[in-house]
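Worksheet for the structure shown next.
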Amino acid sequence: MAESVVVGAGLAGLVAAINLARQGRDVVVLEREQRIGGSAIYHPSPEGSPINIEGFKEYSGIDLEPALHTGALAPFQVGRAIAYGEMIPVDMNAISSYMIERGPRSTSLDSYLYAIAREAGVRFEFGHALVSNDDVAELPPDTIIATGLYFEGFDATRVPYLTSFHFVARQMIEDTESNHVSVYHGEFTRDYSYTCSVNGIQFAHVFQRKPIGKDTLEAFKEQVYTAEGIEFKTWNHFLFPVPAASIHNPRLFAGDKILAGTLAGCMESYMFFGILGALVSGKIAAIAVQDKARAADEFKLATSSFASAYVAKKLSNLAPHSVQKVMMPLALRHAFDYPRVAETVKRAMPGWKNITR
Ligand SMILES: Cc1cc2nc3c(=O)[nH]c(=O)nc-3n(C[C@H](O)[C@H](O)[C@H](O)COP(=O)(O)OP(=O)(O)OC[C@H]3O[C@@H](n4cnc5c(N)ncnc54)[C@H](O)[C@@H]3O)c2cc1C
């Protein structure tokens with residue numbers, strides 16, 4: 001039986017492993033942590049992403065519909081934007097978005113995919129970290145590397161990255177039934193910030209591609225308290241690599257290895273829809289094991305909106321906050337008013353073209 005190695009048991013790695021096992025391969029996944037669900041420093045956590053459940057099933061063979069019943073995926077109940085202090089309701093369901101639990105709990109999407117992988121016969125070796133370029137060289141050709149938003153994977157595969165700066169807060173709440181996302185735009189960040197909740201986990205995150213000072217964090221905290229009455233006790237500071245440092249990113253290959261997920265650059269460069277990108281690119285990586293040319297075509301299609309999104313983001317960053325303060329609420333108030341706008345947003349998302357054509 002042909003053997004395949006996948007590094008990283010996150011979303012992209014699990015989708016790749018399931019597909020390879022279903023092709024009749026003997027698949028082993030090497031994972032740094034001692035269990036599924038990534039790093040305990042920020043998981044379990046709620047995340048949000050557009051997902052075309054039917055399209056993804058057709059494209060990858062993986063049915064995410066039952067995950068709506070395990071709690072791993074939940075239709076948005078409350079979506080809103082707070083732009084320079086103005087609260088605007090936003091219909092996230094117009095772009096088929098879901099709240100998603102990430103991490104090690106049985107209610108997470110990671111656990112959902114892990115169960116499917118185990119059923120397909122995938123083997124897991126936990127506590128196995130890839131740390132250097134020598135480690136990469138020792139892996140067999142066509143190994144899929146999907147180590148996510150972690151510096152080691154980028155350094156070991158020599159994929160160039162920029163550093164992004166993050167403050168994250170997380171707490172458990174009694175209400176396990178409700179979910180929400182509130183996206184904030186304001187003076188405190190050149191990207192965006194948000195609070196969200198699902199399955200009793202409440203979360204807040206502020207980030208940008210330059211250092212975040214304490215006063216910036218204080219301004220965001222104050223906005224959150226004013227708009228939603230939510231206070232978080234502990235905030236942690238993290239740095240993450242962003243694969244936007246080269247025109248050769250996104251990339252599907254690093255030498256004779258195949259990349260997937262964030263490491264492949266499959267995150268949308270404006271809204272960071274990393275989950276959809278990870279799921280779709282996991283499938284593309286599995287295709288690459290059998291047919292590199294076809295996978296390269298699929299990858300190009302899935303990431304074709306990235307360059308224009310990146311330029312649009314750069315241009316919008318040139319506008320001073322005084323201009324953004326007028327434009328942003330206006331844009332958000334009308335963002336999903338017209339079906340055509342929602343369709344355009346869908347088409348611009350990584351993988352959406354792939355899974356709906
Ligand atoms: C705090 C936070 C909030 C986010 N919120 C959102 C959101 O709301 N919506 C969204 O779409 N995206 C969000 N993202 C991004 C999203 O989580 C990622 O884009 C997505 O998980 C990428 O999937 P992946 O498979 O590439 O990596 P992951 O799912 O992160 O999986 C990587 C796996 O590789 C393992 N690993 C790491 N390094 C090594 C190594 N050296 N050797 C072996 N194994 C290793 C990790 O432990 C992990 O299991 C968020 C990210 C963070 C950190």
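Counting convention: from 1, in listed order, for ligands and their atoms alike. When a residue number appears, it is its place in the shown sequence, counting from 1.
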Does ligand 1 have any atom that is closer than 4.0 Å to a heavy atom of [X]?
X    : result
V131 : no
F240 : yes
H166 : no
S45  : no

Taking only heavy atoms of [X] into account, list the atoms of ligand 1 that are under 4.0 Å away from them.
X    : result
E33  : 47 (O)
G274 : 10 (C), 11 (O), 12 (N), 19 (O)
G261 : 26 (O)
G148 : 26 (O), 27 (O), 32 (C)
A146 : 32 (C), 33 (C), 34 (O)
A12  : 25 (O)
Y42  : 53 (C)
Y194 : 3 (C), 4 (C), 5 (N)

Charged N-O contact under 4.0 Å between [X] and [Y]:
X    : Y   : answer
E54  : K57 : no
E228 : R80 : yes
R123 : D26 : yes

Do the two ring centres, one from [X] and one from [Y], sit under 6.0 Å apart?
X    : Y    : value
F240 : F165 : no
Y42  : F238 : yes
F126 : H128 : no
H166 : H237 : no
F220 : Y184 : yes
Y225 : F232 : no

What part of [X], side chain from CB on, backbone N/CA/C/O, both or neither, has a heavy atom under 4.0 Å from ligand 1?
X    : value
A278 : side chain
L276 : neither
F207 : neither

Nearest non-hydrogen atom to [atom] belongs to which of [options]?
atom                    : options                : answer
atom 16 (C) of ligand 1 : R32, E47, H205         : E47
atom 42 (N) of ligand 1 : V136, T262, D135, L130 : L130
atom 1 (C) of ligand 1  : F203, Y150, F238       : F203

Would [X] count as being in polar contact with ligand 1, using the rule that some N or O on each side must be under 3.5 angstrom apart?
X    : answer
L11  : yes
L149 : no
A260 : no
S39  : no
P46  : no

For this session: Could you verify whether a donor N or O on one side chain and an acceptor N or O on the other, from H205 and Y194, lie under 3.5 Å apart?
Result: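 Side-chain D/A pair, H205 to Y194: present.
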
For this session: Examine the side chains of Q202 and T195 and answer whether a donor and an acceptor come within less than 3.5 Å of each other.
Result: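 No, because no side-chain N or O of Q202 sits under 3.5 Å from a partner of the opposite role on T195.
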
Problem set entry | For R35, side chain to side chain donor-acceptor pair (under 3.5 Å) partners two or more places apart |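 By the side chain to side chain donor-acceptor pair (under 3.5 Å) rule, R35 matches no residue at all.
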
Problem set entry | Contacts of S108 that satisfy side chain to side chain donor-acceptor pair (under 3.5 Å) - sequence neighbours left out |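 With sequence neighbours excluded, S108 shows a side chain to side chain donor-acceptor pair (under 3.5 Å) to S111, given in chain and number order.
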
Exercise. Given the rule in the side chain to side chain donor-acceptor pair (under 3.5 Å) test, do Y59 and N52 qualify, once you have shown the distances and angles that lead to the verdict?
Worked result: CA-CA 10 Å; Y59 186 61; N52 176 341; over 6 Å; no

